[in-house]
Amino acid sequence: MGWPSLVGKWQIPLHCAQRMFASQTEGELKVTQILKKNFPQATTIKVTDISGGCGAMYEIQIESEEFKEKRTVQQHQMVNQALKEEIKGMHGLRIFTSVPKR
């Protein structure tokens, strides 16, 4: 007996098809601007739409002094708080935070 076919269940909607351009999407730019405003000491902010460009799921990498002496869960809570309105329209969010190394 083989594994059941999951192809139909996991197809990406047509409007989420892989984007062809390297430039940031409108959603990526918006999320980046919000993070820059909320984390002015950030040395790195990288926002990637990992849903293929439709804004359903993002990956965020942010390095900032604001995270110093905070546990990872607290750092992620800070990012979630900054993006609370945008998160309402998302299906998922991957967050990677760090403090700049000196």
Side-chain angles (χ1 to χ4, degrees):
M1 208 183 239
W3 290 95
S5 174
L6 297 176
V7 174
K9 288 184 177 182
W10 300 104
Q11 287 181 341
I12 296 172
L14 192 55
H15 69 280
C16 290
Q18 201 66 287
R19 64 179 189 236
M20 300 292 189
F21 304 103
S23 62
Q24 285 191 301
T25 65
E26 192 174 308
E28 290 169 338
L29 289 170
K30 182 177 182 183
V31 171
T32 300
Q33 289 171 348
I34 292 166
L35 293 173
K36 282 181 180 180
K37 179 181 174 191
N38 283 274
F39 299 97
Q41 296 178 24
T43 54
T44 301
I45 296 177
K46 183 178 179 189
V47 178
T48 307
D49 184 336
I50 56 175
S51 63
C54 68
M57 188 166 182
Y58 289 92
E59 179 175 289
I60 294 171
Q61 298 174 13
I62 182 167
E63 182 177 86
S64 180
E65 282 292 328
E66 283 102 339
F67 299 139
K68 192 173 184 177
E69 298 181 12
K70 295 198 174 11
R71 295 186 323 248
T72 302
V73 70
Q74 292 171 313
Q75 296 171 11
H76 290 203
Q77 287 171 338
M78 292 169 68
V79 174
N80 281 318
Q81 181 62 31
L83 297 173
K84 66 181 179 182
E85 289 303 313
E86 287 66 33
I87 288 173
K88 292 176 183 178
M90 295 180 193
H91 292 286
L93 183 62
R94 288 187 197 159
I95 301 172
F96 298 93
T97 55
S98 61
V99 176
K101 293 176 177 59
R102 293 181 183 202

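Values below: every heavy atom of this structure, side chains too, minus hydrogens, waters and symmetry copies.
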>> Please determine whether side-chain hydrogen bond (donor to acceptor under 3.5 Å, both in side chains) holds for the pair Glu59 and Gln61, giving the CA-CA distance in whole Å, both sets of side-chain angles, and the decisive distance to 0.1 Å.
In response: CA-CA 7 Å; Glu59 179 175 289; Gln61 298 174 13; 3.2 Å; yes
Distance-minimising heavy-atom pair for [X] and [Y]:
{"X": "Ala56", "Y": "Ser51", "result": "N-OG, 3.1 Å"}
{"X": "Pro100", "Y": "Glu65", "result": "CD-N, 3.7 Å"}
{"X": "Ala82", "Y": "Phe39", "result": "CB-CE1, 4.1 Å"}

Rounded to the nearest 0.5 Å, how far apart are [atom1] of [X] and [atom2] of [Y]?
{"X": "Leu29", "Y": "Glu26", "atom1": "CG", "atom2": "CD", "result": "8.0 Å"}
{"X": "Thr72", "Y": "Gln74", "atom1": "OG1", "atom2": "CD", "result": "9.0 Å"}
{"X": "His91", "Y": "Ile50", "atom1": "NE2", "atom2": "CD1", "result": "12.5 Å"}
{"X": "Phe67", "Y": "His76", "atom1": "CZ", "atom2": "NE2", "result": "7.5 Å"}
{"X": "Thr97", "Y": "Met78", "atom1": "OG1", "atom2": "CE", "result": "9.0 Å"}
{"X": "Thr32", "Y": "Ile62", "atom1": "OG1", "atom2": "CD1", "result": "9.5 Å"}

>> Using the rule given for side chain to side chain contact (heavy atoms under 4.5 Å, CB included), can you reason through Phe96 versus Lys46, listing the C-alpha separation, both sets of side-chain angles and the distance that settles it, and then say yes or no?
In response: CA-CA 10 Å; Phe96 298 93; Lys46 183 178 179 189; over 6 Å; no
> Same cluster or not: are Ile95 and Met57 linked, directly or through other Ile, Leu, Val, Met, Phe, Trp or Tyr residues, by side-chain heavy atoms under 4.5 angstrom apart?
Replying inline: no
> Does the side chain to side chain contact (heavy atoms under 4.5 Å, CB included) test come out yes or no for Val79 and Gln75, once each step is laid out?
Replying inline: CA-CA 7 Å; Val79 174; Gln75 296 171 11; 6.0 Å; no
>> Taking the side chain as everything from C-beta on, heavy atoms only, tell me whether Leu83 gets closer than 4.5 Å to Leu35.
In response: yes
> Does a side-chain heavy-atom distance below 4.5 Å link Met90 with Val31?
Replying inline: yes
> Glu28 side chain to Asp49 main-chain N or O, any donor-acceptor pair under 3.5 Å?
Replying inline: yes
